[in-house]
Amino acid sequence: MADNSLPPSVKPDLIGGHFRTFRKDPTAFLTRMAALGDVTTFRMGSMPAYFVNHPDLVRDVLVVNAHKFHKGRALKRAKNLLGEGLLTSEEDFHLRQRRLVQPAFHKQRIVSYTEAMTAYAERMAGEWQDAKNEGVRDIDHEMMRLTLQIVAKTLFSADITDETDEVGAAMTTIVNLFNFLLLPFSEILEKLPIPHSIHFRRAKAKLDEIIYGFINERRASGEDKGDLLSMLLLSQDEESGSGMSDVQVHDECLTLFMAGHETTANLLTWTWYLLSQNPEAERKLHEELDRVLQDHVPTFEDLPNLKYAEAVIAESMRLYPPAWVVGRLAVEEHEFNGYKVAPRSLVLVSEYVMHRDPRYWENAGEFKPERWETLSIKEASQRYIYFPFGGGVRRCIGEQFAWTEGILLLATLARKWKLRLQPEQKIGLKPQITLRPKFGMRMRIEKR
């Protein structure tokens, strides 16, 4: 056991502790910290912070002692956008809201969503058939557009095809400006008429317009379409008997609208990149798709037979997890390996760093879907060496939706097309709310 001294650290910046170094390249900073030990410390301005990077400690934060921690500053500030949705709410209110939302993600519901998933993917495959500019497209943009249309259709029974680019642009603005909300004194800055604040408010207003439009239209019709929106509007808490206000419905809808497309879009973008760099894995994927699907569009019933496609998705999420870091704020004193963490300290765990830790992963930096032939996803998740959807009571409510969508979209598109990275395309990480590609992802679409 250690004494009460601080865990290992690196030299801080002259001003603001380690804030500027962290902000400049968060994944590199946390990887560097992990090399110093399972528990390390740094400062985010005046706030003490700890990075824990051991499966037992990850489970400690997310599961065993989750009651000792609340959401970190990032998601507290996200309330400015998402209100009291599942991502930002705490304790009893969070559990109540989760109970009300959960039915929309039961297996039979997800089965009903799959037809829309493959229909929109097939439509995109048709658009690619007529691709101009010699078949070169921004695949990160394409995947955002595709998953945005799917989440609108499956969860809100809305076709936003004509508004996709406008809504997608608002989403991207929000994501790009989110780090602005984490700056010291951002609570004051966001109220000033400066460009960042103005752009953020405009983007938020656009998303609010879309979501409240869904709500008002459904309230007016009174129709029960059996989707998430109807479930939220008709829901009643078993204990209190009360339903949700329009504001609460808005907060949950916007949370799932953003989370439901942003994460899967990034997952698929990185998957296309990895396949383009690993021709043997791509060949095995195509072989499986030809054998299982022959000449039909994939369905929910095909999923058990698309094992290699599942392994490709799992391996992509290992190397490039869309949710790359989890932040928690200690609400009472806790101890990690003998180091005491005081209340109001920030605690971070990182999927990106853990998923690449050579102690738990052979050839950790390599894309090897075959590793999932001997290691089950469930086992890796239970050991907390793999936690792309978090863990504990805050584990992602849309996990099965995401697995189903990721595999089906990959299978639908890859059965007809292969993608090739443009020679001039640079690759880098842009760790924001999610792990986006820093320079986009320009790829050439080629018929198989």
Exercise. Does the side chain of Leu346 reach to within under 4.5 Å of the side chain of Tyr50, using non-hydrogen atoms?
Worked result: no
For this session: Look at the side chain of Gln248 and the backbone N and O of Ser245, then say whether any donor-acceptor pair between them is shorter than 3.5 Å.
Result: yes
Exercise. What are the two closest non-hydrogen atoms of Thr41 and Ala49, and how far apart are they?
Worked result: OG1-O, 2.9 Å
Exercise. More than 12 non-hydrogen atoms from neighbouring residues, nucleotides or ligands closer than 6.0 Å to CZ on Arg395, yes or no?
Worked result: yes
Exercise. So which heavy atom on Leu413 is nearest to which on Ala121, and how close?
Worked result: CD2-O, 3.5 Å
For this session: Using a cut-off of 6.0 Å, state whether more than 12 heavy atoms not belonging to Lys438 lie near its atom NZ.
Result: no
Problem set entry | Ile160 backbone acceptor or donor facing Thr164 side chain under 3.5 Å | yes
Problem set entry | Asp227/Arg218 ion pair, N-O < 4.0 Å | yes
Exercise. Just wondering, more than 12 heavy atoms not from Arg123 lying within 6.0 Å of its CZ?
Worked result: yes
Seminar exercise, completed: Scanning both residues in full, the closest heavy-atom pair of Trp324 with Leu30 reads CZ3-CD1, 4.2 Å
Exercise. For Phe29 and Phe51, what are the C-alpha separation, side-chain angles and deciding distance, and is it a ring-ring contact (aromatic ring centres under 6.0 Å, His included)?
Worked result: CA-CA 11 Å; Phe29 176 79; Phe51 178 47; 8.4 Å; no
For this session: Examine distances only and state if a side-chain atom of Thr434 and a backbone atom of Thr263 form a donor-acceptor pair shorter than 3.5 Å.
Result: no
For this session: Could you name each residue pair satisfying side-chain hydrogen bond (donor to acceptor under 3.5 Å, both in side chains) that touches residues 305-322, not counting sequence neighbours?
Result: Thr271-Ser316, Tyr308-Glu370, Glu315-Arg318, Glu315-Arg371, Glu315-Trp372
For this session: Please name the pair of heavy atoms, one in Pro103 and one in Arg99, separated by the smallest distance, quoted to 0.1 Å.
Result: CD-O, 3.4 Å
For this session: For the residue pair Ile150 and Tyr113, establish whether any side-chain heavy-atom pair is separated by less than 4.5 Å.
Result: no
For this session: Salt-bridge test for Arg137 and Glu142: reply yes if a basic N is under 4.0 Å from a carboxylate O, no otherwise.
Result: yes
Exercise. Just wondering, do Val136 and Met443 contact through their side chains at under 4.5 Å, heavy atoms?
Worked result: no
Problem set entry | Verdict with supporting geometry, His355 and Phe387, ring-ring contact (aromatic ring centres under 6.0 Å, His included) | CA-CA 8 Å; His355 291 184; Phe387 55 107; 5.7 Å; yes
For this session: Please check if the side chain of His18 supplies one atom and the backbone of Phe42 the other of a donor-acceptor pair under 3.5 Å.
Result: no
Exercise. Tell me, do Leu409 and Thr147 make a side-chain contact under 4.5 Å, heavy atoms counted?
Worked result: yes
Exercise. Phe257 vs His261 aromatic rings, parallel, tilted or perpendicular, using cut-offs 30° and 60°?
Worked result: tilted
For this session: Show the numbers, then the answer: is there a side-chain contact (heavy atoms from CB on, under 4.5 Å) between Val58 and Leu62?
Result: CA-CA 6 Å; Val58 173; Leu62 300 183; 3.8 Å; yes
For this session: Kindly compute the distance separating CE (Met317) from CG (Leu435), expressed to the nearest 0.5 Å.
Result: 13.0 Å
For this session: Kindly compute the distance separating CG (Leu268) from CE (Met144), expressed to the nearest 0.5 Å.
Result: 10.0 Å
Exercise. Are there more than 12 heavy atoms of other residues, nucleotides or ligands under 6.0 Å from atom CZ of Arg32?
Worked result: no
Exercise. If you count the non-hydrogen atoms of other residues, nucleotides and ligands that lie under 6.0 Å from CD in Gln102, is the total more than 12?
Worked result: yes
Problem set entry | Shortest non-hydrogen separation from Pro437 to Asn266 and the atoms involved | CD-OD1, 3.9 Å
Problem set entry | Heavy-atom check, side chain of Asp60 versus side chain of His334, under 4.5 Å | yes
Problem set entry | Derivation and outcome, salt bridge (charged side-chain N to carboxylate O under 4.0 Å, His left out), residues Glu122 and Lys416 | CA-CA 10 Å; Glu122 275 285 281; Lys416 293 183 177 179; 3.6 Å; yes
Exercise. Does any non-hydrogen side-chain atom of Leu256 lie less than 4.5 Å from one of Val151?
Worked result: no
For this session: Could you tell me whether Arg442 and Asp138 have a side-chain N and a carboxylate O separated by less than 4.0 Å?
Result: yes
For this session: Apply side-chain contact (heavy atoms from CB on, under 4.5 Å) to Val247 and Tyr212, showing your working.
Result: CA-CA 9 Å; Val247 171; Tyr212 277 119; 3.9 Å; yes
For this session: Over 60° means perpendicular and under 30° means parallel, so classify the ring planes of Trp403 and Phe389, tilted if in between.
Result: tilted
For this session: Give the C-alpha distance, both sets of side-chain angles, the deciding distance and a yes or no for salt bridge (charged side-chain N to carboxylate O under 4.0 Å, His left out) between Lys68 and Glu333.
Result: CA-CA 8 Å; Lys68 291 187 177 182; Glu333 185 176 87; over 6 Å; no
Exercise. If you round to the nearest 0.5 Å, how far is OH of Tyr120 from OG1 of Thr154?
Worked result: 9.0 Å
Problem set entry | Test log, rule side-chain hydrogen bond (donor to acceptor under 3.5 Å, both in side chains), inputs Thr269 and Asp140 | CA-CA 5 Å; Thr269 298; Asp140 53 323; 5.9 Å; no
Problem set entry | Between CG on residue Asp13 and NZ on residue Lys24, distance to nearest 0.5 Å | 9.5 Å
For this session: Going by the side-chain contact (heavy atoms from CB on, under 4.5 Å) test, name the single residue among Thr40, Val61, Asp38 that passes it with Val52.
Result: Val61
Problem set entry | Pro388 backbone acceptor or donor facing Glu351 side chain under 3.5 Å | no
For this session: Taking the side chain as every heavy atom from C-beta outward, state whether Gln425 and Tyr273 have any atom pair closer than 4.5 Å.
Result: no
Exercise. Does the pair Lys430 and Phe439 meet the rule for a side-chain contact (heavy atoms from CB on, under 4.5 Å), with working shown?
Worked result: CA-CA 8 Å; Lys430 193 174 184 180; Phe439 307 105; over 6 Å; no
Exercise. Around Arg202, counting heavy atoms of other residues, nucleotides and ligands shown, do more than 12 lie under 6.0 Å from its CZ?
Worked result: no
Exercise. Is Arg145 salt-bridged to Glu127, going by a charged N under 4.0 Å from an acidic O?
Worked result: yes
Exercise. Do Phe367 and Leu319 touch side chain to side chain, with heavy atoms closer than 4.5 Å?
Worked result: yes
For this session: Taking Asp224 for its side chain and Gly226 for its backbone only, find out whether a donor-acceptor pair lies under 3.5 Å.
Result: yes
Exercise. Between CG of Leu306 and CG of Leu410, what distance do you get to the nearest 0.5 Å?
Worked result: 9.0 Å
For this session: Could you walk me through whether Met441 and Leu419 pass side-chain contact (heavy atoms from CB on, under 4.5 Å), step by step?
Result: CA-CA 11 Å; Met441 196 67 71; Leu419 277 61; over 6 Å; no
Problem set entry | Rounded distance [0.5 Å steps], OG1 in Thr114 versus CZ in Arg109 | 13.0 Å
Seminar exercise, completed: Shortest non-hydrogen pair, Gly391 vs Val63, comes out as C-CG2, 4.4 Å
Exercise. Donor-acceptor pair, His54 side chain versus Asp56 backbone, under 3.5 Å?
Worked result: yes
Seminar exercise, completed: The complete set of side-chain hydrogen bond (donor to acceptor under 3.5 Å, both in side chains) pairs with one or both residues in residues 377-386, sequence neighbours excluded, reads none
